[in-house]
Amino acid sequence: MNKLPLICAWMLIPALCVLALTPENTMCELLAKPGLVPVTDATPEFSWSFNSKAKGELQTAYQIQVVSDTKFFKVGPADLWDSGQVNSADSLFVPYQGAALPAGRSCFWRVKVWDAKGKPGDWSQVLAFKMSDTPGADTAIGYELKQSHVKPVSITTNDSGHVMVDFGRAAFGWVELISGENFEQGPFTLHLGERARDGHVYRTPGGSIRYAVTKGALTRPGVYRVPLTADKRNTTGAAVLLPAAMGVVMPFRYVEIEQAPFPITVDNLRQIAVYYPFDDDNSSFSSSDPVLDQVYDLCKYSIKATSFAGLYVDGDRERIPYEADAYINQLCHYAVDREYTMARLTHEYLMDHPTWPTEWKQHSIMIAWEDWVNTGNIESLERCYDALKNNKLLQFVARKGDGLLLTGTPEAQKITASRDIVDWPAGERDGFDFKPVNTVINAFYYYNLLQMADIAHALGKLGDAEAFVKQAQQIKIEFNRLFYNTATGRYVDGEGSTHSSLHANMLPLAFDLVPEGERERVTQFVKSRRMSCSVYAAQYLLEALFKAGQEDYALWLMARDDLRSWVNMIQAGSTVTLEAWDIMLKPNLDWNHAWGAVPANILPRYVLGVKPRVAGFKEIWIRPQVGSLTHAKGRVPTIRGFVDVEINQIPGARYALQFSIPANTTASVVIPWQEGAELRIDGKKSRAVVENNALVIENMSSGPHEIIWATELAQCESNEKKPLIKRCVSGLLSRLPFL
């Protein structure tokens, strides 16, 4: 058989299959999921991205049409707005500029674009949006809660003769009984809970781990919702209330049926799970460490399961938003779903309903900054800027002279209406020594100043931006002068303290406060303390370790089997992250706390290395830190589309990075480098640009790429008759099955 024509035909397939650039993943405002949520902005903004895999694909122009009825797309012209061809690469937050949108009515829009060669593509799908009854200024908006029907994964009979039902994972919701045509009325007794023990729903699980018993009787055929009793603590006061029509929900995985009028099967009993709209396919992670993969799955699901209230809440015990909880929830949510409305809703809610810890107020600036960096949208910044600057930055308690924040005195606490917290629960502070001028508070202050400089610059407030940068520079000098002990190579907990906690050292390391010459000593001290912090503070510990080049140690912390570990949560039997590492460390802990889901953002942002280089992901960083893992792979959602990354390596000998970035973006890549290796980029031998012992490749175009280096490339290719086809660098042709 002559293989040449077949090979040539196969190689032509990509060229023949290149389709016109078509917008997908569309948004009106920040709404990306289906559902008509009333839009309050009288001039809403439209966004789109692309799933094209073609290399170097760019948008050079767009056209948007908005109509009051889809018939105008068929007969034309668009009755509300037709932008015409606009020569622009903008694909995020393009503002509506047509006739006044009809209040209280649905409208429809579509967009098409021109590619890098000036060729127009197809129209996007037609999308609907609904205007509010009183359109006006922009406000944060979000979706209505969704419900899904979950069937049991197992049904068994326990030693008491009761039917034990396991739904596989805990969810917030309720149970429904479904009677068929041969309906028999009668009483029921059901036990619901998050925890099982010895084949039963655990009646006394401890802490705030949920258990409930409910009794009643079926008197009619069809679907019957088993009633639950509301918990007064999480349905009154400051608790976020669910819509009245939703009724009472609780978190549970197991149902034990003590009594029922008919035999229980997978078809007549179901769990109704309540959550914010969530797309499980928008993210993934896998690696050569199966334990790490289990940790990721636990943390990813935790973000979905804990979204039941429509705002980021602290768990089921209180159902109250807190800024630090919301920040970690936000980072994780961005990393596992292409969803931005819930974070913004929660942030603006907390701006009006602040909580008591000093550091939590500082987290409001961090939430605002992440909102902008991940979306590229400044509307929320505009609404919140004055309050962020005047209230959350806490400059009104800055000390004269050195400018450091003085927050630990009774007078300061009255002024700020807050108290320093450092970590929570109190037993997880690594012996922190509270002082009026506190190392932790001032580390956050430095970070806040830099973030406020970015925010001010994004809003065109250049004078403020410059002032914030100067203040940050001064704070860095004073911070190190006052808190760093050059004799021990550690930061003390505050002015006048001789104690050095993990927290006082990991935060300066995470926020780049440590002088270059002292980073090694601080890093070694941080490592020596292991996980001497809470699940919340683990966010900063892991960030500090990755920034210090200690990825293997960070990976070990995430995958280890220890009291303070995610493996301990899994072994305890929870399918959602815990409020604390273990009930021994927080006796009233709950089993449904999203602030324990830190690896859900650390693994995509640091191990896969995907972060925005420019706000809104116009430019993307890909800086994988896989340590000694031989394999890591995943999908990371961004507002411009999905970034796929895969790393395979023999540490020190061969490294292969494959990645794909969305059309209309570029990427800068930073990967480890081995001196003397041979480099190939997209199959071509290339010259390495090495900075700080790392390979740096700037301005890589959209689409798929492969970067490979190997120290034994010549030996691998020796005696090969077809080096272009069978070279060990796994180029495209090496995958042909017929060669």
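Every value quoted in this text rests on a predicted model; they were computed, and no experiment measured them.
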Taking all non-hydrogen atoms of both residues, which atom of Gln330 and which atom of Ala343 are closest, and how far apart? CG-CB, 3.8 Å
Minimum side-chain heavy-atom gap Met700-Ile661 below 4.5 Å: no
Could you go through the ring-ring contact (aromatic ring centres under 6.0 Å, His included) check for Phe479 and Tyr491 one step at a time? CA-CA 10 Å; Phe479 185 95; Tyr491 289 90; 5.5 Å; yes
Under the side chain to side chain donor-acceptor pair (under 3.5 Å) criterion, do Asn377 and Arg344 qualify, and how do the steps go? CA-CA 11 Å; Asn377 182 263; Arg344 183 170 288 188; 3.1 Å; yes
Step by step, work out the side chain to side chain contact (heavy atoms under 4.5 Å, CB included) result for His631 and Ser286. CA-CA 8 Å; His631 171 74; Ser286 62; 4.2 Å; yes
Are the side chains of Asn448 and Met366 in contact, using a 4.5 Å heavy-atom criterion? yes
Should Thr638 and Pro612 count as side-chain neighbours, where that means a heavy-atom distance under 4.5 Å? no
Show your reasoning for whether side chain to side chain contact (heavy atoms under 4.5 Å, CB included) applies to Phe659 and Ile707. CA-CA 9 Å; Phe659 68 92; Ile707 302 171; 3.9 Å; yes
Are the side chains of Glu359 and Val422 in contact, using a 4.5 Å heavy-atom criterion? yes
With distance as the sole test, does Trp369 use its side chain to make a donor-acceptor pair with the main-chain N or O of Met452 at under 3.5 Å? no
Fit a plane to each ring of Tyr536 and Trp595, take the angle between them on a 0 to 90° scale, and name the class: parallel (under 30°), tilted (30 to 60°) or perpendicular (over 60°). parallel
Output yes when a side-chain donor or acceptor of Asp682 lies under 3.5 Å from a complementary backbone atom of Glu706, and no otherwise. yes
Can you give me the closest heavy-atom contact between Pro251 and Asn592, atom names plus distance? CG-ND2, 3.5 Å
Could you give the distance from CE (Met558) to CG (Leu541), rounded to the nearest 0.5 Å? 10.0 Å
Can a side-chain donor-acceptor contact be found between His503 and Asp423 if the only test is distance below 3.5 angstrom? yes
Can you confirm whether the side chains of Asp561 and Gln571 place a donor and an acceptor under 3.5 Å from each other? yes
Please check this pair: side chain of Lys300 against backbone of Ser283, looking for a donor-acceptor N/O pair closer than 3.5 Å. yes
Specify the closest pair of heavy atoms between Pro637 and Val336, including all atoms of both residues, with the distance to one decimal. CG-C, 4.0 Å
Mutual orientation of the aromatic rings belonging to Tyr606 and Phe546 [parallel < 30°, tilted 30-60°, perpendicular > 60°]: parallel
For the pair Tyr301 and Tyr275, evaluate ring-ring contact (aromatic ring centres under 6.0 Å, His included) and give the outcome as yes or no after the intermediate values. CA-CA 11 Å; Tyr301 177 69; Tyr275 58 93; 9.4 Å; no
Just by modelled atom types, is the Leu545 backbone N or O under 3.5 Å from a matching donor or acceptor in the Lys527 side chain? no
Is Lys633 atom NZ crowded by more than 12 heavy atoms from other residues, nucleotides or ligands, each under 6.0 Å away? no
Take Ile639 and Leu30, measure what side chain to side chain contact (heavy atoms under 4.5 Å, CB included) needs, and give me the verdict at the end. CA-CA 9 Å; Ile639 198 164; Leu30 283 172; 4.2 Å; yes
State whether the side chain of Arg338 and the backbone N or O of Asn25 hold a donor-acceptor pair below 3.5 Å, judged by distance alone. yes
Phe444 and Phe511: aromatic ring centres closer than 6.0 Å? yes
Taking the side chain from Thr575 and the backbone from Arg169, do they hold a donor-acceptor pair closer than 3.5 Å? no
Under 3.5 Å, side chain of Asn664 to main-chain N/O of Gln59, donor-acceptor pair present? yes
Please enumerate all residues that pass side-chain contact (heavy atoms from CB on, under 4.5 Å) together with Gln539, with sequence neighbours excluded. Ile328, Leu331, Glu543, Val598, Asn601, Ile602, Arg605
Min side-chain heavy-atom separation Val610-Pro604 under 4.5 Å: no
Count the heavy atoms of every other residue, nucleotide or ligand shown that sit under 6.0 Å from CZ of Arg530, and state whether that count exceeds 12. no
Considering only NZ, NE, NH1 and NH2 on the basic side and carboxylate oxygens on the acidic side, decide whether Asp644 and Lys53 come within less than 4.0 Å. yes
What closest approach, in Å, do Leu563 and Met584 show between heavy atoms, and which atom pair accounts for it? CD1-SD, 4.3 Å
Donor-acceptor pair, side chain of Ser534 and main chain of Glu428, under 3.5 angstrom: no
Can you confirm whether Tyr447 sits close enough to Ile365 that some side-chain heavy atom of one is under 4.5 Å from a side-chain heavy atom of the other? no
Report yes or no: does His705 contribute a side-chain atom to a donor-acceptor pair with the main-chain N or O of Leu657 at less than 3.5 Å? no
Looking only at heavy atoms, what is the nearest atom pair of Tyr312 and Thr346, with distance? N-OG1, 3.1 Å
Within a radius of less than 6.0 Å around CD of Glu675, do more than 12 heavy atoms belonging to other residues, nucleotides or ligands occur? no
Give, for atom CG of Leu509 and atom CE of Met506, the distance between the pair rounded to the nearest 0.5 Å. 10.5 Å
Residue pair Cys299 / Phe285, side-chain heavy-atom distance below 4.5 Å: no
When you check the side-chain N and O atoms of Ser287 and Asp293, is any donor under 3.5 Å from an acceptor? yes
Is there a donor-acceptor contact under 3.5 Å from the side chain of Arg253 to the main chain of Glu194? no
For the atom pair CH2 (Trp556) and CG (Asp289), what is the distance rounded to the nearest 0.5 Å? 13.0 Å
Using distance alone, with no hydrogens and no angle criterion, decide if Glu370 and Tyr334 have a side-chain donor and acceptor under 3.5 Å apart. no
Would you call Lys685-Glu678 a salt bridge at under 4.0 Å N-O? yes
Evaluate the side-chain proximity of Leu608 to Pro624: yes if any heavy-atom separation is below 4.5 Å, no if none is. no
Show me the donor-acceptor pairs within less than 3.5 Å that the side chains of residues 686-699 make with the rest of the protein, sequence neighbours left out.
unit_1, atom_1, unit_2, atom_2, d
Ser686, OG, Lys684, O, 3.0
Glu698, OE1, Arg613, NH1, 2.6
Glu698, OE1, Ser668, OG, 2.9

All heavy atoms of Cys533 vs all of Trp581, minimum pair found to be O-NE1, 2.7 Å
Salt bridge (Lys or Arg N to Asp or Glu O under 4.0 Å) partners of Arg640, counting only residues at least two apart: none
Give, for atom CG of Asp430 and atom OG of Ser532, the distance between the pair rounded to the nearest 0.5 Å. 4.5 Å
Might you work through the side chain to side chain contact (heavy atoms under 4.5 Å, CB included) test for Trp709 and Gln674, ending with a clear yes or no? CA-CA 8 Å; Trp709 59 254; Gln674 186 69 38; 3.5 Å; yes
